[in-house]
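Per chain, numbering begins at 1; letters A, B, ... match sequence-line order.
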Amino acid sequence: MALPLKIRQPAKRSAARELLRNLINYKLLLALAIPGLLLIFMLNYVPMFGIVIAFEDFRAESGFLSPFIGLKNFELLFSSPVVGRLVANTIGLNALFITCETIVSVSIALIINEIGHRFLRRMYQSIMFLPFFMSWAVVSMLLFGWFDYEVGLLNTTLRSAGLERISFYDDPNIWPGILAFLRVWKSTGSGCILYLAVLVGIDPQLYEAAAIDGASRLQRIRQISLPLLVPTIILLTLLSIGRIFYGDYGMIYAIIGSSAALWPTTDVIDTYIIRALQSTTNFGMSTAVGLSQSVLGFICVFGSNWITKKWSQRRGEDYSLF
Amino acid sequence: MINRTLSDRIFSAFNYIVATLFTLICFIPFYTMVIASVTEKRALIRFGYQFWPSQFTLEAYQWVLRGQAVLTGYAVTVFVTLTGTLLSLTLMCALAYAMSNKKFKPRNPIAFYVYFTMIFSGGIIPWFITMRAVGLYDNIWALIVPMLMNPWWIFVLRNYFNNLPTEILESARIDGASDLQILTRIVLPLSTPVLATTALFVSVAYWNDWWHGVMLLDFADFRPLQVIILRIINNIRAIREAMSVPGSTITIDMSQIPALSIRMAIVVVTIGPIILVYPFVQRYFIHGLTLGAIKG
């Protein structure tokens, strides 16, 4: 209560000095913010101007200021036979990843939250976090160690047991499943933390009251825990849907890479652009791919946010991002 | 617990079983990796996976640590991770603190400016051209600078600073502390959980980054560890593909392919240091990761 009084006192003492101090502090805050803002400008905003390349006949020596050719790159792009496959793979794989990751992360968070044994609970959580520390390059190396036809651990084990070996790197149909498994394996430890943070914060009295009313533990999860997780689930799903046109090139490039036999099911927009960049073919067309991707992604973020807003407002809540 | 019915017991058992199974799935690859790295290489090819190595040897590690490429890679990765994490945290904290100050007028436009980069980008090719143009190419800074500002962590930091008790900050202000003093003496010491969490995630991102090494290093005579790993895999792949072409007359020098045990030893050496950091920051996790990063 004494606080408001205290604030007023120095102001009375010298309004001019207070103003000066505010001005100095304002400059200081600006000075703190500016280096970061400039970096963001250089790393994120300058490349946005580079979008013009999509409408140009790109020449390395003239950079962003190459000759303007209108929509030619887009015509080239949409007449290309691979585009349909790239878009389908990107959306299909991302939808698969979002679904699997959300279901597993939520389930594991609920399960860990129900485990009463404190030591076991911490141990489970710590070990589940281990895969998070592996880069996709390392995962790729491990996977190769398991799956290689000649010296892979799995195939040598199958061979010494007298069984038929499996040639993983020739069969594109099994890879969406393998990639989804890897994503779940790598992300659950970190993914379920966000859900656990919500679960830990739930008032235990709610559970006790439900228990007194005769609710079983499963019912308590369905009626209390799950509804309270919904906003978090929606928020995270929204974030992922906004990125549905962006392939996880960090994973796919490292794991699939140059294995062309697997491209029919795993080649995504981003890996296509990277290859274009490395073979320095048509920069203009690849930028057109990138621009279409950014615009569709942008529409996707706003679209999914709008749907969430309408849907949640009907329930008297607001789960939307902005 | 009150009233433990049979269904509750079954449910509880189910929880333990599923948690144990999933934990095992997460753990087994690490176990096999370590075992494979200390097994004699011919035994590995002959018997395949063994739960316990029949012939124990540290040969693979000796081989790895003798190689100049891996040692250089280590030095590069350690330097990039330390410098990058320190710079990144400093810059992001400074920006986030300015954004959290309610008297700072441009805070909302700045928040939008940062947020916009999360939902729209120029794409890979304009980015690559820009990086080359500003000189982030073929030098060590190409591995550090592009990852300095991460919008997600800027918002996490800002939200944490926003939620600090205003009374403390206000009373410091009355005592005549400048904003810089408030940041260094009060805000940062109170923010250990979020700083530890951010530092962990940022340093893992630096340690595990191979993308910038692949894209922005061409003629440089150094490579980070992750790029070395990727190169080994790509070499093996190329050799395998050449072998699978029917009637190919290419004679393959198998010594060009590092043995499985050596590859596994490289992996163990690569992920070792970053995993060792984890126990120290683990206790801050749930506090540090507050959600609702954008709103608020």
Side-chain angles (χ1 to χ4, degrees), chain A residues 6 10 25 28-29 32-33 35-36 39-40 42-44 46-48 50-51 53 63 108 111 114-115 124 127-128 130-131 133-135 137-138 140-142 144-145 151 153 156-157 160 193-194 197 200 211 216-218 232 242 250 254 257-258 273 277 283 286-287 290-291 294 298 301 321, chain B residues 2 7-8 11 15 18-19 22-23 26-27 29-30 33 45 47-49 91 94-95 97-98 101 104 110 117 119-130 134 146 148-149 174 178-180 204 208 210-211 226 229-230 233-234 237 260 263-264 267 270-271 274-275 285-286 289 291 294:
Chain A
K6 267 190 179 172
N25 270 348
L28 188 94
L29 289 173
L32 284 175
L39 260 176
I40 292 178
M42 181 181 86
L43 298 170
N44 299 93
V46 175
M48 286 183 203
I51 285 170
I53 297 172
I108 293 289
I111 284 172
E114 291 291 314
I115 282 171
Y124 285 143
I127 295 177
M128 279 178 200
L130 283 181
F133 293 100
M134 291 187 152
S135 71
V138 164
S140 178
M141 183 84 113
L142 270 189
F144 207 80
V151 292
L153 286 174
T156 45
T157 309
S160 63
I193 281 187
L194 297 171
V200 169
S216 74
R217 284 172 73 179
L218 207 57
T232 312
S258 58
I273 298 178
L277 189 58
F283 269 33
S286 312
T287 309
L291 176 59
S294 292
F298 193 74
V301 179
L321 285 178
Chain B
I2 342 156
S7 75
D8 278 0
F11 179 65
N15 283 338
V18 174
F22 195 82
T23 308
C26 290
F27 182 71
F30 285 86
M33 173 178 93
I45 293 174
F47 308 118
Y49 170 66
L91 287 165
L95 178 57
Y97 176 66
N101 193 313
F104 190 51
I110 290 178
T117 64
I119 55 174
F120 194 78
S121 81
I124 295 171
I125 288 172
W127 171 82
F128 176 75
I129 296 168
T130 312
V134 296
L148 284 178
M149 306 302 287
I174 288 155
S178 74
D179 267 306
L180 194 63
V204 169
N208 282 346
W210 53 267
W211 165 250
Q226 307 290 344
I229 289 180
L230 216 55
I233 304 167
N234 285 339
R237 249 187 217 137
L260 184 62
R263 278 184 267 145
M264 293 300 140
V267 170
T270 304
I271 59 180
I274 201 81
I275 285 187
F285 258 30
I286 297 223
L289 274 172
L291 195 67
I294 289 134

For the pair Trp127(B) and Trp211(B), name the ring-plane relationship: parallel under 30°, tilted 30 to 60°, perpendicular over 60°. parallel

Among Thr117(B), Ile271(B), Asn101(B), the residue with the most heavy-atom pairs under 4.5 Å to chain A is Thr117(B)

Applying side-chain contact (heavy atoms from CB on, under 4.5 Å), run through Ile275(B) and Phe133(A) and close with a yes or a no.
CA-CA 7 Å; Ile275(B) 285 187; Phe133(A) 293 100; 3.8 Å; yes

Shortest non-hydrogen pair, Met264(B) vs Met141(A), comes out as CE-O, 3.9 Å

Answer key: most heavy-atom pairs under 4.5 Å with chain A among Pro29(B), Gly123(B), Ser178(B), Ala94(B) is Ala94(B)

Scored by heavy-atom pairs under 4.5 Å with chain A, the best of Gly122(B), Ala19(B), Cys26(B) is Cys26(B)

Between Ser121(B) and Ser294(A), the two heavy atoms sitting closest are O-OG, 2.6 Å

Cut-off 4.5 Å, heavy atoms of chain A, and the answer for Thr270(B) is side chain

The interface call for Ile108(A) against chain B, heavy-atom contacts under 4.5 Å, is side chain

Bottom line for Leu130(A): the part with an atom under 4.5 Å from chain B's heavy atoms is both

Looking only at heavy atoms, the pair that brings Pro47(A) and Pro126(B) closest together is O-CB, 3.2 Å

Between the CE atom in Met128(A) and the OG1 atom in Thr23(B), the distance rounded to the nearest 0.5 Å is 3.5 Å

Cut-off 4.5 Å, heavy atoms of chain A, and the answer for Phe120(B) is both

Interface check, chain B: of Gly50(A), Ser135(A), Pro131(A), most non-hydrogen pairs under 4.5 Å belong to Ser135(A)

Please determine whether side-chain contact (heavy atoms from CB on, under 4.5 Å) holds for the pair Ser140(A) and Phe144(A), giving the CA-CA distance in whole Å, both sets of side-chain angles, and the decisive distance to 0.1 Å. CA-CA 6 Å; Ser140(A) 178; Phe144(A) 207 80; 5.6 Å; no

Heavy-atom closest pair (Gly36(A) atom, Leu91(B) atom, distance to 0.1 Å) is N-CD2, 4.2 Å

The interface call for Leu28(A) against chain B, heavy-atom contacts under 4.5 Å, is side chain

Counting heavy-atom pairs under 4.5 Å with chain B, the top scorer among Ile53(A), Leu142(A), Ile273(A) is Leu142(A)

When the 4.5 angstrom heavy-atom criterion is applied to Asp179(B) and chain A, the contacting part is both

Max heavy-atom pairs within cutoff under 4.5 Å with chain B, candidates Ser216(A), Gly290(A), Ala254(A), goes to Ala254(A)

So, the part of Ile274(B) with a heavy atom under 4.5 Å from chain A: the answer is both

Scanning both residues in full, the closest heavy-atom pair of Leu95(B) with Met149(B) reads CD2-CE, 3.8 Å

